[in-house]
Amino acid sequence: MTESENIHLPKTDESDDLKRIRHTFSHVMAMAVQRLFPKAQVTIGPWTEYGFYYDFDNPDPFSDKDLKTIKKEMIKIIKKDYAIEREEVSREDAKKRIAALGEPYKLEILEGLEEPITLYHIADQWWDLCAGPHVESTRKLHPKAFDLESVAGAYWRGDETKAQLQRIYGTAWETPEQLQEYKRRREEAKKRDHRKLGKELGLFLFSEDVGPGLPLWTPKGTLLRSTLEDFLKQEQVKRGYLPVVTPHIAKVDLFKTSGHWQKYSEDMFPMMAETEEAKANEMGFVMKPMNCPFHIQIYKDELRSYKELPMRLAEFGTVYRYEQSGELGGLTRVRGFTVDDAHLFVTPDQLDDEFLKVVDLILAVFNSLKLKNFKARLSFRDPDSDKYIGSDDVWEKSQNAIRRAVETLGMEHFEGIGEAAFYGPKLDFIFTDALGREWQLGTTQVDYNLPERFDLEYVAADGTRQRPVMIHRAPFGSLERLIGILIEEYAGLFPLWLAPEQVRLMPVTAEQLPFAQQVAEQMQLLGVRVMVDRSGERLGKMVRNSEKAKIPVMAVIGAKEVEGNSLSIRTRQDGDLGAISVADVITRLKEALDSHGYF
RNA sequence: GCCAACGUGGCUCAGUGGUAGAGCACUCGAUUCGUAAUCGAGCGGUCACGGGUUCAAAUCCCGUCGUUGGCUCCA
């Protein structure tokens, strides 16, 4: 264990001291900013997981260069050892004092506060409306245990239609050692970044000529993708899913019926229309942002009997969403992606049971992928928003169905209000990437709305026409995002079954090439993805190249191995294992592949 | 979409007003080699793109495109 691994990085929620330190830093920064930029108006400045930020309204945006100046000013303030004092005042008093300073945002904040109103003073130099708590004096802040990290635009009250403020992010710790350790871990995390590893491992790329957010998959990346697809397809066959294939575009009308055109068109690529007239009459085609309306057409193709339900239609359907340019990033947020989609058409009686089966499948998939760090979110609608379709009654019913499911399973979960799809609530599975950002992967949704909008029916046992309920579900969420997360989770070191190149054979000299070739063919026949290193480099170089390419199993072939019909195996995790007979190597490869484990 | 930073051979990066550089990769030659880099030579860039300032621009200014960190929004 290195020395730095002994340094504990406390979390804000486990250390009140740290909370006070960070909160005080944000005020010291605000004071520094107002000294340097007298026109800057203060707003809010909370602590965060790694530090703090403060939002300002300033006539000119801050640049990275300003951060250095602000940091210096902060250090000056810290070294002055100013006392920090709390003062309780009446609402009226607070209002007068804030108005005197000309701080409109603070006045707005004051309106939402309950008495007693508290002010915090940094000596007699500066004060801010704040609930606290803070450290007793600026000396309690270590001038070498913080840093200003970045500037960003941020909307007042998080609302796009309100003023854009300037946010300055900082990181702050109790000791300089903790700051260094934090920075070191950040550097480590960057090495796991799927964008960096994806390039190094040659899995996917983006081309400026193709367009932003539109990934292209190399042969290696495609092997990874299809391995994942094949795996899920097998699991679905075991569970009675039926495969379908549908087009990438459809008439606007289809999406009017579904409600996408009304509630989702901002996220859709613009309509393609043959003539201006067609365009004016909305008679064109659009790229599909979701697969559901297409699967619904297949359901509707025949009059369905209750005996056919549940009907589970599955497709790896590639969808296109016009994400705002600033939101794109690597594989986790793209404009064209493949959903491991399925739509289940069920009778109301079957709903609970089918929903549980879907959750069971999703959890089984995560288990096979060795993904453990996720949270389950009940994504419900925001009753005050108009971005949803359907009646209150139907929403109540579908949200309750999801609640029942997590309760039956005893699954830990949290609620996300306003996180529902426009047509129904979801149970989402949230993962975290190397840099700590959260992403939704698997999802399953209960939907009474689309069956109604498309007037779906089945004939019940008593001969009456009934309306089915739909379950939308995608265990991966999307192949792109899943692979992004997998790359980071494994740090590029895929388990054998997922590795694009599973075995690399390295002949010590050219003399062993024919034997290597023969072994390779033997392995290929069994479905092993194997390559022979024909570079003619020295063994040390070949090993280095294989290690850098993160090949799970390396096999050295010299004169001894040819003689004994064996391979000297080196694995990434265990190093040199010595000579093993070709037959045994193949047996062990098969075992590792079948168990989704390592060699 | 908004705010900021960045964009130099395939990759990683140096060069901040005066004739485009390095390492790796690639090609060729020599070496036939035992578990993370053999030696040598060669090829390769109108410095993202378009405009402007200047005797002179990779370098300064403006615009566009792209990438990154945030905000808003989402698989």
Side-chain angles (χ1 to χ4, degrees), chain A residues 53 55 58 60-67 149-169 190 193 195-196 199-200 202 205-209 211-213 264 266-267 289-290 319 321-335 337-341 379 387 418-419 421 426 428-431 435 437-443 472 474-482 484-485 506-512 536-548 554-561 568-571 575-579:
Chain A
Y53 67 80
D55 288 347
N58 194 45
D60 302 310
F62 299 121
S63 73
D64 287 2
K65 286 171 205 119
D66 295 327
L67 293 189
E149 296 190 295
S150 61
V151 289
Y155 301 103
W156 171 236
R157 301 244 142 124
D159 185 339
E160 216 178 345
T161 63
K162 298 206 164 118
Q164 183 158 47
L165 308 172
Q166 297 295 314
R167 176 171 298 177
I168 301 178
Y169 280 98
K190 279 186 195 160
D193 191 318
R195 292 167 295 196
K196 184 177 157 68
K199 186 176 265 183
E200 283 171 9
L205 57 123
F206 292 89
S207 157
E208 290 203 9
D209 292 331
Y264 206 75
E266 294 223 322
D267 295 276
M290 293 187 194
V319 299
R321 297 186 189 172
Y322 194 78
E323 305 291 352
Q324 297 188 62
S325 54
E327 278 149 8
L328 301 170
L331 288 180
T332 41
R333 195 74 186 275
V334 291
R335 282 184 172 161
F337 58 96
T338 302
V339 182
D340 56 327
D341 223 344
S379 300
K387 62 181 186 180
E419 302 285 353
K426 311 187 286 178
D428 292 324
F429 295 87
I430 316 284
F431 291 75
L435 297 171
R437 292 176 289 207
E438 294 193 331
W439 299 100
Q440 177 195 320
L441 252 46
T443 180
H472 308 235
F476 296 161
S478 81
L479 246 348
E480 287 73 11
R481 190 173 279 179
L482 172 74
I485 294 291
M506 297 180 284
V508 177
T509 72
E511 264 174 58
Q512 289 86 40
E537 289 289 349
R538 296 178 180 200
L539 183 59
K541 186 60 175 288
M542 285 192 278
V543 168
R544 178 179 157 83
N545 287 341
S546 301
E547 288 283 352
K548 284 202 333 186
M554 291 158 266
V556 173
I557 302 175
K560 281 183 287 181
E561 286 76 16
S568 276
I569 298 295
R570 173 186 169 109
T571 66
D576 192 350
L577 302 181

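Throughout, a chain's letter reflects where its sequence line sits, starting with A, and its residues are numbered from 1.
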### Query
Is any side-chain heavy atom of A/Gln512 closer than 4.5 Å to a side-chain heavy atom of A/Glu561?
no
### Pair A/Ser568-A/Met506, side chain to side chain contact (heavy atoms under 4.5 Å, CB included): steps then yes or no
CA-CA 10 Å; A/Ser568 276; A/Met506 297 180 284; over 6 Å; no
### Message
Measuring only the C1' atom in each nucleotide, how far is B/G23 from B/A14? A whole number of Å is fine.
### Response
11 Å
### Task
Determine the interatomic distance between P on B/U67 and the same-named atom on B/U8; round to the nearest Å.
14 Å
### Message
With rounding to the closest Å, how many angstrom separate the C1' atoms on B/G9 and B/G42?
### Response
15 Å
### Message
Base, sugar-phosphate or nothing for A/Tyr53? Non-hydrogen atoms, less than 4.0 Å.
### Response
nothing
### Query
Any side-chain N or O of A/Arg195 less than 4.0 Å from the OP1 or OP2 oxygen of B/U67?
no
### Task
If a protein heavy atom is under 4.0 Å from the base, mark B; if only from the sugar-phosphate, S; if neither, -; do that for nucleotides 35-46 of chain B going 5' to 3'.
BBBB--------
### Query
Would you call A/Lys199 and A/Leu205 a side-chain contact if the rule is heavy atoms closer than 4.5 Å?
no
#### Entry: Who pairs with B/A22 - Watson-Crick or G-U, where each distance is under 3.5 Å
B/U12
Detail all sub-3.5 Å separations between protein N/O atoms and N/O atoms belonging to nucleotides 62-65 of chain B.
none

### Query
In the structure shown, which nucleotide is the Watson-Crick or G-U wobble counterpart of B/G63, with both distances under 3.5 Å?
B/C49
### Task
Name the closest nucleotide to the A/Ala559 side chain, picking from B/G34, B/C11, B/C3.
B/G34
### Query
If you measure from the P atom in B/C61 to the same atom in B/C6, how many Å do you get, rounded?
10 Å
### Task
Take atom CD of A/Glu511 and atom P of B/G34, then tell me their distance rounded to the nearest Å.
13 Å
## Note on the structure
B/G17 -> Watson-Crick or G-U wobble partner, both distances under 3.5 Å, gives none
### Task
State, yes or no, whether a side-chain contact exists between A/Met290 and A/Arg321 at a heavy-atom distance under 4.5 Å.
yes
### Message
How about OH on A/Tyr264, more than 12 heavy atoms from neighbouring residues, nucleotides or ligands closer than 6.0 Å, or not?
### Response
yes
### Side-chain ion pair, A/Asp159 and A/Arg157, N-O less than 4.0 Å
no
### Query
With nearest nucleotides of RNA chain B determined for A/Phe206 and A/Gly558 from heavy-atom distances, which residue corresponds to the more 5′ nucleotide?
A/Gly558
### Message
Using atom P in both nucleotides, what's the gap between B/U59 and B/G51 to the nearest angstrom?
### Response
14 Å
### Task
Would you mind building the protein contact string for nucleotides 70-75 of chain B? One character per nucleotide, 5' to 3', B for base within reach (heavy atoms under 4.0 Å), S for sugar-phosphate only, - for untouched.
BBBBBB
### Task
Nearest whole angstrom, please: distance from the C1' of B/C3 to the CG of A/Asn58.
12 Å
### Task
Answer yes or no: does a side-chain N or O of A/Thr509 lie under 4.0 Å from OP1 or OP2 of B/C33?
no
### Query
If you measure from the C1' atom in B/G15 to the same atom in B/U72, how many Å do you get, rounded?
39 Å
### Task
Would you classify A/Ala510 as touching base, sugar-phosphate or nothing, given that sugar-phosphate means primed atoms plus P, OP1 and OP2, and contacts are heavy atoms under 4.0 Å?
base
### Task
Assign A/Leu328 to base, sugar-phosphate, or nothing according to its heavy-atom contacts below 4.0 angstrom with the strands shown.
sugar-phosphate
### Message
Taking side chain to side chain contact (heavy atoms under 4.5 Å, CB included) as the definition, give me every residue that meets it alongside A/Pro61, ordered by chain and number, with sequence neighbours left out.
### Response
A/Gln166
### Message
Measuring only the P atom in each nucleotide, how far is B/G29 from B/C47? A whole number of Å is fine.
### Response
34 Å
#### Entry: A/Leu479/A/Asp340 under side chain to side chain contact (heavy atoms under 4.5 Å, CB included): CA gap, chis, key distance, verdict
CA-CA 7 Å; A/Leu479 246 348; A/Asp340 56 327; 5.6 Å; no
### Query
Does any pair with a residue in residues 537-547 of chain A pass side chain to side chain donor-acceptor pair (under 3.5 Å), and if so which ones, sequence neighbours excluded?
A/Glu547-A/Arg570
#### Entry: Under the ring-ring contact (aromatic ring centres under 6.0 Å, His included) test, residues paired with A/Tyr169 that sit two or more places apart
A/Tyr53
### Query
For atom CD of A/Glu511, is the number of surrounding heavy atoms from other residues, nucleotides or ligands below 6.0 Å larger than 12?
no
#### Entry: Nearest-angstrom distance, C1' atom, B/A57 to B/G18
10 Å
### Query
What does A/Gly202 touch in the nucleic acid at a heavy-atom separation under 4.0 angstrom: a base, only the sugar-phosphate, or nothing?
nothing
### Task
Taking the side chain as every heavy atom from C-beta outward, state whether A/Gln440 and A/Arg481 have any atom pair closer than 4.5 Å.
yes
### Within-4.5 Å side-chain heavy-atom neighbours: A/Val334 and A/Phe206
yes
#### Entry: G-U wobble or Watson-Crick pairing nucleotide for B/G29 (cut-off 3.5 Å, both distances)
B/C39
